[in-house]
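Working notes, structure below.
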Amino acid sequence: MRNKLGAMSAIGVGLLMAAAGSLWAHHSDAVYDMTQMTILKGVVTEHQFINPHQIIKLKVKETNGRVTPWILVGAAVSANRAAGWTRDTLKTGEEVTVYGFPYRDGKPNMTWMRIVKADGKLLPISGAKNDKLARYLGTYGKEQLSPEDYEVFKRSVLYVGTSDPNQVR
């Protein structure tokens, strides 16, 4: 009986450790190059406002005319909702400009840091994205971004808590 209980306990601990490891890996930003801001202009083909992370699918027309589908990863729905997002914040067919950190391996996937609609409206970001953006701005922002983009990003970081990054302070 003791051997059976010991074996069951060992299996249970092993399963918990495996689950904890996969959860840790899931939330790692190690797959993204957080040192290089990438800018995409494209058309939204799908907006999944679902957990564990918001997913935006985008068609991006390359300079050679080829269309590349990109996957943009956002924050958890609860974090986006707290920042002011709804299911209808982005609609299929909308043109957007997206700034974010791409996959290190070159796959067309990124975690977005800023989305600007065609009419110039800047969409809100979650607190976690705000922290990542603040770290990037402090380390690489002035060298990599245009002065105009740098100022807009600074404003994005400052607006947190107002749910409206378009407010002028």
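Given the structure is predicted, the values throughout are model-derived calculations rather than measurements.
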- request: Tell me, with the steps shown, if Lys132 and Met34 meet side-chain contact (heavy atoms from CB on, under 4.5 Å).
  value: CA-CA 8 Å; Lys132 291 174 192 173; Met34 306 293 269; 3.7 Å; yes
message: Under 4.5 Å between side-chain heavy atoms, counting indirect links through other Ile/Leu/Val/Met/Phe/Trp/Tyr residues: same cluster for Ile50 and Leu58 or not?
response: no
message: Count I, L, V, M, F, W, Y as connected when their side-chain heavy atoms are under 4.5 Å apart, and connections chain through other members. Are Trp112 and Val43 then in the same cluster?
response: no
Closest contact, heavy atoms only, [X] versus [Y]:
X      : Y      : answer
Phe101 : Gln36  : CD2-O, 3.4 Å
Ser126 : Asn80  : CB-OD1, 4.4 Å
Lys117 : Leu90  : CE-CD2, 4.2 Å
Arg66  : Asn64  : N-OD1, 2.9 Å
Gly100 : Pro102 : O-CD, 3.7 Å
Trp70  : Glu62  : NE1-OE2, 4.2 Å

Any side-chain heavy atom of [X] within less than 4.5 Å of one from [Y]?
X      : Y      : result
Trp85  : Val77  : no
Met113 : Leu137 : no
Met110 : Val98  : yes
Gln48  : His53  : no
Lys41  : Val60  : no
Ile39  : Thr97  : yes
Val116 : Val152 : no
Tyr32  : Asn109 : yes

- request: Decide side-chain hydrogen bond (donor to acceptor under 3.5 Å, both in side chains) for Thr35 and Asp33; before the verdict, give the C-alpha distance in whole Å, the side-chain angles of both, and the deciding distance to 0.1 Å.
  value: CA-CA 5 Å; Thr35 67; Asp33 183 352; 2.5 Å; yes
- request: Evaluate the criterion side-chain hydrogen bond (donor to acceptor under 3.5 Å, both in side chains) for residue pair Thr111 and Lys129; output intermediate values, then yes/no.
  value: CA-CA 9 Å; Thr111 182; Lys129 285 197 177 290; 2.9 Å; yes
- request: Count the heavy atoms belonging to other residues, nucleotides or ligands that lie under 6.0 Å from CD of Glu95, then report whether that count exceeds 12.
  value: no
- request: Take atom NZ of Lys91 as the centre, draw a 6.0 Å sphere, and report whether it contains more than 12 heavy atoms from other residues, nucleotides or ligands.
  value: yes
query: For the atom pair CD1 (Ile115) and CG (Leu72), what is the distance rounded to the nearest 0.5 Å?
result: 6.5 Å
field: Nearest-0.5 Å distance that lies between atom CG in Leu40 and atom NZ in Lys59
entry: 14.5 Å
- request: Compute both the distance and the angle, then confirm whether Arg114 meets the cation-pi test with Phe153: under 6.0 Å from the six-membered ring centre, within 45 degrees of the axis.
  value: yes
- prompt: Can the positive tip of Arg87 be found less than 6.0 Å from the middle of the six-membered ring of Phe49, inside 45° of the ring normal?
  reply: no
query: Any ion pair linking Lys154 and Glu151 (charged N to carboxylate O, less than 4.0 Å)?
result: yes
field: Ion pair check, Asp105 and Lys107, cut-off under 4.0 Å
entry: yes
query: Does the side chain of His47 come under 3.5 Å of the side chain of Glu94 through a donor N or O and an acceptor N or O?
result: no
Derivation and outcome, side-chain contact (heavy atoms from CB on, under 4.5 Å), residues Leu145 and Met37: CA-CA 8 Å; Leu145 297 171; Met37 185 70 66; 4.1 Å; yes
message: For a side-chain contact (heavy atoms from CB on, under 4.5 Å) check, start with the C-alpha distance between Tyr99 and Asp149, then their side-chain angles and the critical distance, and finish with the verdict.
response: CA-CA 10 Å; Tyr99 297 72; Asp149 279 338; 3.3 Å; yes
- request: Show your working on side-chain contact (heavy atoms from CB on, under 4.5 Å) between Thr86 and Arg81 and close with a plain yes or no.
  value: CA-CA 6 Å; Thr86 69; Arg81 202 173 275 131; over 6 Å; no
